[in-house]
Amino acid sequence: FEFARAVTRRPAASIVEGLRAKDIGTPDLQGMLAAHDAYVAALRSTGAEVTVLDALAAYPDAQFVEDTALCLPQGAILMRPGAPSRAGEVAEMAPTLRALCEDVREIRGPGHVEGGDILVTGKEILVGRSDRTDAEGVAELAKIAAEWGHTLREVFTPEGVLHFKTDCSLMDGDTILSTKRLEASGCFEGYRVLHVPEGEEAAANAIRFNNLVLMADGFPRTAELLDKAGYEVVQINNRDCAKLDGGMSCLSLRF
Ligand code: CIR
């Protein structure tokens, strides 16, 4: 959770076309831009260098950069999104990572992996199979991770949940914030788990970034739980991103 850098992308007016599991309203560009500014400012306040890429009108989900790559200390791995409309986002991200990372590998297929399904903890990489991430994709990623000395464990994203990290986040090397429904799968054995209070499941997608925990605002019981556990919490308006099933982790690559 200690990072020198992050890469984000400004949302485009085409966000209204962004993918969503359920239509709960049209996201508002001005609202999303204001939230994005607050998000970038919070990342920068920790001393990290934050790259803000230009909006990409051709890809309505492109501000959710996390899904395009996995960044590890050894280098970056370009993903192969399971959502066909998002496949082209990877090539848009590649030059930035090639400029910033020592080594850049890629998932060539035929499998698929999206970054939202990957949780890097202090001791391993957990990858949740989901509607976007399949067994072949996990296997290809595992090979690259092994070459770089990482242990990768395949786990499962619950039915009806977009990404593995929709329901969990790393708080420190061995502490995870998780919904009860995800933890019930047994995937966090050996970790200290903080449960997101019932009814606040959407707060589970947070990020620990250096000294801060960034979480969506509007979830007072989760904020209190994290505060009591000793974390310095910054709350960001996630109302518009939530309409596209997006949260704190989706909005940046961190390394
Ligand atoms: C999608 O369905 O792909 C986007 N609307 C949301 C992606 C959220 N990304 C993430 O959780 N890492």
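As the structure lists them, so they are numbered: ligands from 1, and atoms in each ligand from 1. Keep in mind it's a predicted model, so treat the numbers as computed, not measured.
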More than 12 heavy atoms of other residues, nucleotides or ligands under 6.0 Å from NZ of Lys123: is that the case?
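More than 12 within 6.0 Å, yes.
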Within the supplied structure, the quantity of interest is the number of heavy atoms (other residues, nucleotides, ligands) at a distance under 6.0 Å from Arg239 CZ; does it exceed 12?
no
Would you say His36 and Gln63 are linked by a side-chain donor-acceptor pair, where the criterion is simply a distance under 3.5 Å?
no
Is [X] in polar range of ligand 1, meaning some N or O pair under 3.5 Å apart?
X: Glu114; value: no
X: Thr166; value: no
X: Asp67; value: yes

Enumerate donor-acceptor pairs with a distance under 3.5 Å from any side-chain N or O in residues 95-102 to protein atoms, sequence neighbours excluded.
none

Shortest protein heavy-atom distance from atom 4 (C) of ligand 1, along with the residue and atom involved
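Heavy-atom neighbour on the protein nearest atom 4 (C) of ligand 1: Asp61 OD1, 3.3 Å.
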Do me a favour and list the nearest non-hydrogen protein atom to atom 10 (C) of ligand 1 with residue, atom name and distance?
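Checked against all protein heavy atoms, atom 10 (C) of ligand 1 sits closest to Cys250 SG, 2.8 Å.
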Under a 4.5 Å cut-off applied to non-hydrogen side-chain atoms, are Asp103 and Gln74 in contact?
no
Got a donor-acceptor contact below 3.5 angstrom from the Thr157 side chain to the Arg129 backbone?
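Side chain of Thr157 to backbone of Arg129: a pair is present.
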Are Val120 and Phe3 linked, directly or through other ILVMFWY residues, by side chains that come within less than 4.5 angstrom of each other?
no
Under 4.0 Å to a heavy atom of Leu244 - the qualifying atoms of ligand 1, by number
4 (C), 5 (N), 6 (C)
If we number the atoms of ligand 1 from 1 as shown, the ones under 4.0 Å from a heavy atom of His163 are 9 (N), 10 (C), 11 (O), 12 (N)
Measuring from atom 1 (C) of ligand 1, which candidate in Arg132, Glu66, Arg20 has the nearest non-hydrogen atom?
Arg132
Leu19 and ligand 1 - part of the residue with a heavy-atom distance under 4.0 Å:
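Leu19 to ligand 1: contacts from backbone and side chain alike.
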